[in-house]
Amino acid sequence: MASSNPHASPEYIAVECRVCGTRMYGRPDQVGRKIKCPDCGAGTVLPPPPKPKPKNMPAALEGEQYELWDADTQPLPAELIAQQPNYIAVRCLRCDTLMYATEKQVGQTIACPDCGRKQVVPAPSKPAPKRSVLSADADTPVLDPAAEPGERPSVLAASSRGMDYEEEQDAAFAQAMQKSQRTGKPMEIDRRGRPVMPRWPLLTGILPFPFYAGCPTRWAALTIGLLLSVGLIVDGVPAWANWTGDWVGAMEAITGLVETMIGAVCTIIWLAAASNVFIAIVSQSAVGNDRIAEWPPMNFIASMSEMLPVSVAAIFTAAPGWMLGRLVAEVPWQLPLFTAASLLVGFPITLLSQLANNSTWELIDLKVLGAMVRCPLSMMLFYLESALLAAACVWAGIAVSQINHWLPLAIAPLYIGCLLIYARLLGRLAWRLSEKMTSEATDEA
């Protein structure tokens with residue numbers, strides 16, 4: 001074990017062979033004697049151990065060291081400033097080097113560190129007295145009472161012209177009033193330029209809506225997507241669902257499975273596009289637009305964000321009816337009936353709550369629910385029309401399926417048209433409820 005004393009003699013002394021350079025070690029008692037190299041056999045005299053070098057102490061650690069003040073002994077900042085020595089700036093007359101001297105060196109000669117010129121340290125200059133910011137009474141200006149005031153500047157009269165948007169609203173309102181007086185129909189917009197809700201918002205402009213500009217194109221696109229996705233699934237499922245495990249039908253089962261997977265992907269894309277169109281119709285109809293001014297792009301990636309709230313609302317509202325049907329249903333057709341009734345009643349409440357709060361997970365909004373309670377006739381009419389649309393789709397599907405199980409796909413345009421009409425109904429209901437809440441808030445104010 002090495003000694004803790006740095007000046008003690010080492011236990012072993014290192015030496016290199018004078019012939020082959022092999023590093024060897026000897027004991028202190030072998031100093032001056034030859035040590036045989038284990039590699040080449042040459043003898044090498046073991047030198048004495050090197051003298052220990054003095055410890056290298058940094059210059060910063062010598063002399064007085066800096067320490068931190070204790071909390072109780074720390075002087076005030078004013079005291080520290082008072083203890084600082086005052087220096088006198090001296091500028092060399094030859095090389096213009098700036099030097100500093102203490103007050104004790106006043107009158108003495110100092111040498112410039114750059115050029116060596118010697119000059120006398122002058123006395124420090126006295127600080128200039130601070131000038132007061134207050135003016136004397138004698139400097140206060142005195143007004144001449146004989147001087148007449150100048151002519152007052154003319155004040156421009158305020159312009160009676162309104163803002164640009166106000167003039168546009170007034171012009172649109174005047175044009176709508178002239179059209180109403182000429183045709184005898186009610187006003188289409190109010191003084192603020194907003195659409196005026198018709199007397200029967202859930203009956204006016206509902207059935208013709210799928211034929212308005214922009215609707216036929218999306219009607220056809222959604223119909224083709226529905227036919228493609230459902231057709232692939234209906235044609236592919238029996239091929240692998242009825243497979244008995246024999247090698248003959250293996251290829252047909254694999255083909256049916258691939259066809260089913262493609263149909264499932266197409267179904268997801270169709271649901272996203274349909275949800276995007278559905279939300280656009282509801283949102284723009286809720287603000288009173290008779291026609292959809294800006295249709296959303298038919299982009300699958302952009303449509304995924306709209307599919308989430310629609311899917312959540314459908315699952316959340318259909319689940320209670322499905323669970324109730326599982327408990328009380330006695331015949332098979334009662335389970336889909338309970339599920340459809342629960343979806344029909346709860347879907348408008350949940351979706352309008354989501355749109356009102358701009359959140360997918362705000363499933364029930366008390367303000368929306370309260371407005372529905374205060375508009376019983378509108379709610380009854382909405383549910384009646386929704387039930388008629390659902391009944392028409394179910395009746396048509398059952399009627400054609402009795403002829404051929406592929407015929408329900410032939411009436412896919414009917415299903416898409418009823419979907420567009422239902423979105424229009426839901427948007428008009430939202431418009432009616434928002435007008436009800438706005439009028440009540442105005443009355444309270």
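Note that this is a predicted model, so its numbers are computed, not measured.
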(message) So does Pro210 get a backbone contact from the side chain of Trp219, meaning a donor-acceptor N/O pair under 3.5 Å?
(response) no
(request) Mind listing the closest non-hydrogen atom pair of Trp431 and Ser434 along with its distance? (result) O-OG, 2.8 Å
(message) For Pro201, is there any backbone N or O sitting under 3.5 Å from a side-chain donor or acceptor partner on Arg428?
(response) yes
(request) Determine whether more than 12 heavy atoms belonging to other residues, nucleotides or ligands lie under 6.0 Å from atom CZ of Arg291. (result) yes
(request) Step through the shown structure and confirm whether more than 12 heavy atoms of other residues, nucleotides or ligands are within 6.0 Å of CD on Gln334. (result) yes
(request) Evaluate the side-chain proximity of Leu203 to Leu381: yes if any heavy-atom separation is below 4.5 Å, no if none is. (result) yes
(message) Could you measure the distance from the CG atom of Leu202 to the CG atom of Leu425? Nearest 0.5 Å is fine.
(response) 6.5 Å
(request) Would you check if the side chain of Glu79 reaches a backbone N or O of Pro75 as a donor-acceptor pair within less than 3.5 Å? (result) no
(request) Measure the spacing between CG of Leu335 and CG of Leu327 and express it to the nearest 0.5 Å. (result) 10.5 Å
(message) Filter on ring pair (Phe, Tyr, Trp, His ring centres under 6.0 Å), then keep only pairs touching residues 353-395, sequence neighbours left out; what's left?
(response) Phe382-Tyr422
(message) Which heavy atom of Val234 sits nearest to which heavy atom of Pro238, and what is that distance?
(response) O-CD, 3.0 Å
(request) Would you mind reporting whether Tyr415 and Leu389 have side-chain heavy atoms less than 4.5 Å apart? (result) no
(message) Applying side-chain contact (heavy atoms from CB on, under 4.5 Å) to Phe209 and Ile281, what does each step give before you reach the verdict?
(response) CA-CA 10 Å; Phe209 175 75; Ile281 295 174; 3.7 Å; yes
(request) Flag the pair Leu426 / Phe278 as yes when at least one side-chain heavy-atom distance between them is below 4.5 Å, and no otherwise. (result) yes
(request) Output the distance between atom CD1 (Ile416) and atom CZ (Arg218), rounded to the nearest 0.5 Å. (result) 13.5 Å
(request) Using a 4.5 Å cut-off on heavy atoms from C-beta on, say whether the side chain of Trp295 contacts that of Val277. (result) yes
(message) Distance check, rounded to the nearest 0.5 Å: Ser229 atom OG versus Ile224 atom CD1?
(response) 12.0 Å
(request) Over all heavy atoms of both residues, which pair between Ala313 and Phe347 is shortest? Give the atoms and the distance, please. (result) CB-CE1, 3.8 Å
(message) I'd like to know if the side chain of Ser353 reaches the main chain of Asp365, judged simply by a donor and an acceptor atom lying under 3.5 Å from each other, with no hydrogens or angles considered.
(response) yes
(request) Sequence neighbours left out, what pairs pass side-chain hydrogen bond (donor to acceptor under 3.5 Å, both in side chains) with at least one residue falling in residues 271-285? (result) Asn276-Ser303, Ser285-Arg424
(message) If I take atom SG from residue Cys418 and atom CD1 from residue Ile411, how far apart are they, to the nearest 0.5 angstrom?
(response) 9.0 Å
(message) Run the side-chain contact (heavy atoms from CB on, under 4.5 Å) test on Ile88 and Thr102 for me, step by step, so that the C-alpha distance in whole Å, both residues' side-chain angles and the decisive distance to 0.1 Å come before the verdict.
(response) CA-CA 6 Å; Ile88 302 172; Thr102 61; over 6 Å; no
(message) Any non-hydrogen side-chain atom of Met261 less than 4.5 Å from a side-chain atom of Leu232?
(response) no
(message) Are the side chains of Thr267 and Val230 in contact, using a 4.5 Å heavy-atom criterion?
(response) no
(message) Keeping Ser378 on the side-chain end and Cys375 on the backbone end, is there a donor-acceptor pair under 3.5 Å?
(response) no
(request) Before giving the answer on side-chain contact (heavy atoms from CB on, under 4.5 Å), spell out for Val312 and Leu363 the whole-Å C-alpha distance, their side-chain angles and the decisive distance to 0.1 Å. (result) CA-CA 9 Å; Val312 170; Leu363 302 179; 3.9 Å; yes
(request) Would you check if Asn242 and Val237 make a side-chain contact, meaning some heavy-atom pair closer than 4.5 Å? (result) no
(request) For the pair Gln354 (side chain) and Thr360 (backbone), establish whether a donor and an acceptor sit closer than 3.5 Å, ignoring hydrogens and angles. (result) yes
(message) Show me the pairs that pass salt bridge (charged side-chain N to carboxylate O under 4.0 Å, His left out) and involve residues 80-93, at least two apart or across chains.
(response) Arg91-Asp96
(request) Could you give me the CA-CA distance, side-chain angles and deciding distance for Met372 and Leu352, then say whether side-chain contact (heavy atoms from CB on, under 4.5 Å) is met? (result) CA-CA 11 Å; Met372 290 181 175; Leu352 294 184; 3.8 Å; yes
(message) When you measure from the side chain of Asp235 to the backbone of Gly231, do you find a donor-acceptor pair of N or O atoms at a distance under 3.5 Å?
(response) no
(request) Indicate yes or no for a side-chain donor-acceptor contact from Ser342 to the backbone of Gly321 under 3.5 Å, with no hydrogens or angles considered. (result) yes
(request) Identify the heavy atoms of Ala89 and Leu98 that sit nearest to each other, and give their distance. (result) CB-CD1, 4.1 Å
(message) If you define the side chain from C-beta out and look only at heavy atoms, does anything of Tyr100 sit under 4.5 Å from Val90?
(response) no
(request) Give the minimum heavy-atom separation between Pro332 and Pro336, together with the two atoms involved. (result) O-CD, 3.1 Å
(request) Mind checking the CH2-CD1 spacing from Trp333 to Ile398? Nearest 0.5 Å is all I need. (result) 11.0 Å
(request) Evaluate whether atom OH of Tyr212 has more than 12 neighbouring non-hydrogen atoms of other residues, nucleotides or ligands under 6.0 angstrom away. (result) yes
